[in-house]
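Numbers here simply count residues along the sequence, with the first being 1.
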Amino acid sequence: MTNRITIGFIGVGVMGEPMCRHLASKSEARVIAVDHAAASLQRLAGHGVAAGTIEQVAQEADFVFLSLPSGEIVESVVLGKEGLATFARKGLTVIDLSTSRVETARRLQDHLNSRGVRFADAPVMRTRAAAEAGTLAVPVGADDATFAAIEPYLGAFATDVMHCGEVGAGQAVKILNNMVLYETVLALSEAFTIAKRAGVDPEKLFAAFAAGSADSFALRNHGMKAILPGEFPLRAFPVDYARKDVQYAVDLASEVGVDACGARNLVQCFDRAIEAGHGEKYAPAVSLIF
């Protein structure tokens, strides 16, 4: 009889809660969640998830997933005083589902490996609705053995799991994905405003785009479902988070000697949206600056 696997999950917010729930319901693992949000923990308790502490999951879990708002917070939770690394036992595997800088992922790997802990960066892509449905996409940075060990668990909440290379590759793919996505959202925002002021119906404009070469995921989701109706709900992926991800991409570009002028302009547009009070709104609210 084999011992039951234990999974720790740190950060059960908008994206983390459904991912944790899928792990609990689709695997045979014992799942322990860590968060300050009592409501999320209470909802997860109904799915058999126990509430715990960082020290507990570091010492009891076989795998610990992180789903946190930024790389800086991830680094604090892992390397800070009484953080995950302080208590982690040898043989633990840590998987960062958050979006962090590439250099952060590699620094965490070095520190954790020195303590006998495996690490993978596996930032999630797609929307909150995809997290709820268990249909996320996950680019993974890890060595072959670590990827093989974690792939079945990632499959509990993702339909597309891609091994993109060594640690750091997952983060590079994720932040460049968001760079391309939101540069497209910015272009849609400009086109929407130009058309409206030129007397062209934006709904017909976007319908024409969908039938032509400007068709895209961004058009059909961010354009038609947010920019066109002017709906930018809170607790969706906000301007603040999008700005963070694109800044990570700009920083990576600088590190490798590329002048990412389009991405730099996008960061400035996000800054304008934040200054105008739109920082907590769904990221296509960048359209409101025009």
Side-chain angles (χ1 to χ4, degrees), residues 4-37 40-41 43-45 47-71 73-80 83-85 87-89 91-100 104-105 108-109 111-112 117-126 128 130-132 134-143 146-163 167 170-171 174:
R4 188 182 184 192
I5 292 293
T6 296
I7 293 175
F9 204 106
I10 302 175
V12 289
V14 171
M15 299 293 281
E17 181 181 338
M19 288 190 285
C20 184
R21 185 179 68 244
H22 284 298
L23 280 167
S25 63
K26 296 177 183 177
S27 74
E28 297 181 356
R30 168 192 177 217
V31 180
I32 304 169
V34 181
D35 203 290
H36 297 301
S40 295
L41 293 173
R43 286 190 294 269
L44 287 168
H47 298 274
V49 178
T53 65
I54 289 177
E55 180 176 2
Q56 181 186 7
V57 299
Q59 294 180 346
E60 298 182 14
D62 300 281
F63 301 91
V64 174
F65 290 86
L66 309 174
S67 180
L68 298 164
S70 71
I73 294 174
V74 168
E75 200 158 9
S76 175
V77 166
V78 175
L79 302 181
L84 195 60
F87 304 109
R89 62 178 179 81
L92 174 66
T93 300
V94 176
I95 307 100
D96 184 17
L97 304 172
S98 323
T99 304
S100 303
T104 299
L108 291 174
Q109 178 196 34
H111 190 95
L112 291 170
V117 176
R118 296 191 296 184
F119 178 79
D121 56 301
V124 299
M125 302 192 300
R126 297 185 180 146
R128 174 184 177 183
E132 292 287 349
T135 57
L136 291 165
V138 185
V140 182
D143 60 50
T146 301
F147 178 75
I150 67 175
E151 184 180 16
Y153 298 104
L154 296 173
F157 50 77
T159 51
D160 296 278
V161 179
M162 301 151 281
H163 190 191
V167 166
Q171 296 295 354
K174 167 62 186 289

For [X], which residues count as a side chain to side chain donor-acceptor pair (under 3.5 Å) partner, sequence neighbours excluded?
| X | result |
| --- | --- |
| Thr159 | Arg126 |
| Asp121 | none |
| Ser67 | none |
| Thr104 | none |

| query | Tell me, do Leu84 and Leu66 make a side-chain contact under 4.5 Å, heavy atoms counted? | reply |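 Side chain of Leu84 against side chain of Leu66, heavy atoms only: contact under 4.5 Å found.
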| said: When you compare the side chain of Ser98 with that of Ser70, does any pair of heavy atoms fall below 4.5 Å? | reply: no
| Can you name the residues that form a ring pair (Phe, Tyr, Trp, His ring centres under 6.0 Å) with His22, not counting sequence neighbours? | none
| field | All ring pair (Phe, Tyr, Trp, His ring centres under 6.0 Å) counterparts of Phe119, not counting sequence neighbours | value | none
| field | Pairing residues for Arg89 by the salt bridge (charged side-chain N to carboxylate O under 4.0 Å, His left out) criterion, not counting sequence neighbours | value | Asp62
| Can you name the salt bridge (charged side-chain N to carboxylate O under 4.0 Å, His left out) partners of Arg30, sequence neighbours left out? |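 Testing Arg30 for salt bridge (charged side-chain N to carboxylate O under 4.0 Å, His left out), a comparison that skips the adjacent residues, returns Glu60.
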| message | Quick test of your reading: applying salt bridge (charged side-chain N to carboxylate O under 4.0 Å, His left out), list the pairs with at least one residue in residues 146-159, sequence neighbours left out, ordered by first then second residue. | response | none
| said: Give me the atom names and distance for the closest heavy-atom approach of Val138 to Ala122. | reply: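 Taking Val138 first and Ala122 second, the nearest heavy atoms are CG1-O, 3.4 Å.
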With a cut-off of 3.5 Å and sequence neighbours excluded, list every side-chain donor-acceptor pair involving residues 7-21.
residue	atom	partner	partner atom	Å
Glu17	OE1	Ser40	OG	3.3
Glu17	OE1	Arg43	NE	3.4
Glu17	OE1	Arg43	NH2	2.9
Glu17	OE2	Arg43	NE	2.8
Arg21	NH2	Glu132	OE1	2.7

